[in-house]
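Working notes, structure below.
Just so you know, these numbers use all the heavy atoms, side chains as well, and skip hydrogens, waters and symmetry mates. It should be emphasised that the depicted structure is a prediction, and the values quoted were computed from it without experimental measurement. We name chains A, B, ... by the order of the sequence lines, and we start the count at 1 in each one.
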There are 2 protein chains.
Amino acid sequence: MKTTITDVAKQAGVSMKTVSRVLNSEPNVAKATRERVLEAAAELQYRPNLAARGLASSRSYLIALLYDNPNPNYIIQIQRGAIEACRRHGYHLLLEPMTREQASGPDVGSLLSRLGVDGVILTPPLSDSIPLRREMEALGLRYVAIAPGDVGTVPTVRMDDVKAATEMVTYLIEQGHRDIGFIIGHPDHIASSKRQDGFEAAMRTAGLTLDESRIIQGDFKFRSGVKAAETLLKDSANRPTAIFASNDDMAAGVVSVAGRLGIDVPSELSVCGFDNTAIAQIIWPKLTTVAQPILQMGRKAAEVLLDRSQNDDPVVHTLDFEILVRESTGKPK
Amino acid sequence: MKTTITDVAKQAGVSMKTVSRVLNSEPNVAKATRERVLEAAAELQYRPNLAARGLASSRSYLIALLYDNPNPNYIIQIQRGAIEACRRHGYHLLLEPMTREQASGPDVGSLLSRLGVDGVILTPPLSDSIPLRREMEALGLRYVAIAPGDVGTVPTVRMDDVKAATEMVTYLIEQGHRDIGFIIGHPDHIASSKRQDGFEAAMRTAGLTLDESRIIQGDFKFRSGVKAAETLLKDSANRPTAIFASNDDMAAGVVSVAGRLGIDVPSELSVCGFDNTAIAQIIWPKLTTVAQPILQMGRKAAEVLLDRSQNDDPVVHTLDFEILVRESTGKPK
DNA sequence: TTGTATGCGTTATCAC
DNA sequence: GTGATAACGCATACAA
């Protein structure tokens, strides 16, 4: 037999309402009573029933994570962060994977309202789905967008790609590099232009010229990194001493070309990436890269939802990234 | 105002019990009535309240996924599979990440019973935690273990590593390879010895001798693949025409060494891995590898939990893997 | 084939 | 500061 709140009340010699008060840390309970109740609850190993609580309070103690993201590591970290925050608030995280099409389709509202969740976290690229956001607003659902393209119209948690790229390039310059190659990401991704902006800003700030032949278009894939590196490194008499790729996959491609050409990394060529994905640590030398605060964004998003004290203004929370200096970068010869 | 089951009943001109019957697809409802109810429900956009339903039926419509796994892709796929099955049954998946220590600790029971979930999925390495399993049994919680080390004492979903390795090597032999190198995985992992067993079985079946110098100990890491390849490939006059690494990271290491040594993959050296992790598709040439039925295992695990028709015998469900032939293997010269 | 009455375990209301 | 009692929305027995 499961112990209920009435069992605890009996054991403590009070009414169930008082027990409820204690367990929800409401005011107006005498200290002695409170302690007696707590003791009784512990003794009986009382666990509140989520369903009953939800029914009575018309809250579900659940928040939903909506995602359609091909990057498992990203999602897993968002989850971890969100779960961490949820646990602190007595909440649980519900997973709702869906395609972009579904998210913009007619059934989302039905799905979401059926869930009866108390809040929703949107992850990219769903963060940018206007139909989805409309639906949420129509349903009166509180939500937070992680890293949306347009900042300012909705409660947001994000990081600053421009600044991160700037700092990475500044680090290379401080190491003594003057001739730095850059590989642009996929042209459809908002992050690509931001990272390029950061690169160019840092170069300009340092008074270095932007040589167009040093800037190659890529598409975030390993092979495009390979191709870009083949171009950048083909002339052994005139090649950059460092290459900054807009993500780790492309940086790994650069490292592999360097290996094939007999160019030592990092003594003859520094290479750095972006995102700190698995490959950055798998290959050797391990990549210097930018670690996004992914877990922290997940945690912050949940906190914004759960801290009822926070209002629902479209506040933008910008979290700090980290530059991870590993074995693939160093001073030029 | 939210529409409840009584609203629907009123609208359809029946009792709430009949509505309940229809919505739970219970028998003994006239077709006409059923349709009338369905119509009314649709019209009113009725969504059953999870909490109320749970409270009344003393089921939570929730199953929990317990995990402590460093591999994001693995967990994400298990999740996807489990969610798929859950959706079909009107269930939802709750995430419970925890460390091995926590899983064996005293608080798990409290955590799990507080949740009131209807079932639990255990993923490796938690599948092997005896204290955890004991706790579940003590609590009367139904559970399924994914890929536990010991098969037979608990409801299990898994795949056959030995068979997969055997088939991979058989494929290489069919391609014409006779001299095949093998890189063993981390000695602490159960999968390592199974994969080695499969390799050796296939070689023996084909009547090929097992040359010990062709079998190198690795540890599942990229670098150990690099080292093993350096050993296997150092003598250009006497080297294997194919190398089978026990996982993709090590296989990627082999490919990178081949590139450095000017050995073309696959025309001069076939390379294959195991697990179909991200790196297998990121690098070039893409790796021939074994795809575990990870998503399917997640789905099956949830199904075993949710199909009440299935009894709780420690049935072992062994799912099919897939050999993915990509660009890193071919016929020897 | 359908309906009525009751209870699930908690929070909310309002009185004391 | 504390308690009785009524919701909350649904499923379950048991009738009819």
Discussion item. Less than 4.0 angstrom between a side-chain N/O of T18(B) and OP1 or OP2 of dG3(C), yes or no?
Written reply: yes

Worksheet item: If the sugar-phosphate is the primed atoms plus P, OP1 and OP2 and the base is the rest, what is the B/S/- string for nucleotides 11-16 of chain D, using protein heavy atoms under 4.0 Å?
Response: BBB---

Worksheet item: Think N49(B) has a side-chain N or O under 4.0 angstrom from the OP1 or OP2 of dG9(D)?
Response: no

Worksheet item: Where is the tightest heavy-atom contact between A82(A) and I121(A), given as atom of each residue plus distance?
Response: CB-CD1, 4.1 Å

Worksheet item: Crowded around E39(A) CD? As in, over 12 foreign heavy atoms under 6.0 Å?
Response: no

Response to the item:
Between CZ of R34(B) and C1' of dT2(C) the distance, given in whole Å, is 13 Å

Practice prompt. Using whole Å, report how far CG of L50(A) lies from P of dC10(D).
Written response: 18 Å

Practice prompt. Kindly give the heavy-atom pair with the smallest separation between K300(A) and H317(A), and that separation in Å.
Written response: CE-ND1, 3.3 Å

Practice prompt. Mark yes or no for whether D68(B), through its side chain, and R100(B), through its backbone, hold a donor-acceptor pair below 3.5 Å.
Written response: yes

Practice prompt. Nearest-nucleotide wise, let me know which of V14(B) and L55(B) is further upstream toward the 5' end of DNA chain C.
Written response: V14(B)

Discussion item. If the helix axis at each end comes from five base pairs, how far does the helix from dT1(C)-dA16(D) to dC16(C)-dG1(D) deviate from straight, to 10°?
Written reply: 30°

Worksheet entry | Distance, rounded to the nearest Å, where N28(A) contributes CG and dT13(C) contributes C1' | 15 Å

Discussion item. What contact category does T6(B) fall into here, base, sugar-phosphate, or nothing, at under 4.0 angstrom with non-hydrogen atoms?
Written reply: nothing

Worksheet item: Can you check whether M16(B)'s main-chain N or O pairs, donor with acceptor, with S20(B)'s side chain at less than 3.5 Å?
Response: no

Worksheet, complete the sentence: Correct closest heavy-atom pair for A302(A) and I63(A) would be CB-CD1, 4.0 Å

Worksheet entry | D275(B) versus Q292(B), side-chain donor and acceptor atoms under 3.5 Å | yes

Worksheet item: Base, sugar-phosphate, or nothing for T4(A), non-hydrogen atoms under 4.0 angstrom?
Response: sugar-phosphate

Discussion item. Using a strict threshold of under 4.0 Å (side-chain N to carboxylate O), is an ion pair present between R59(B) and D118(B)?
Written reply: no

Discussion item. Checking the side chain of S127(A) only, and the main-chain atoms of I146(A) only, is there a donor and an acceptor separated by less than 3.5 Å?
Written reply: yes

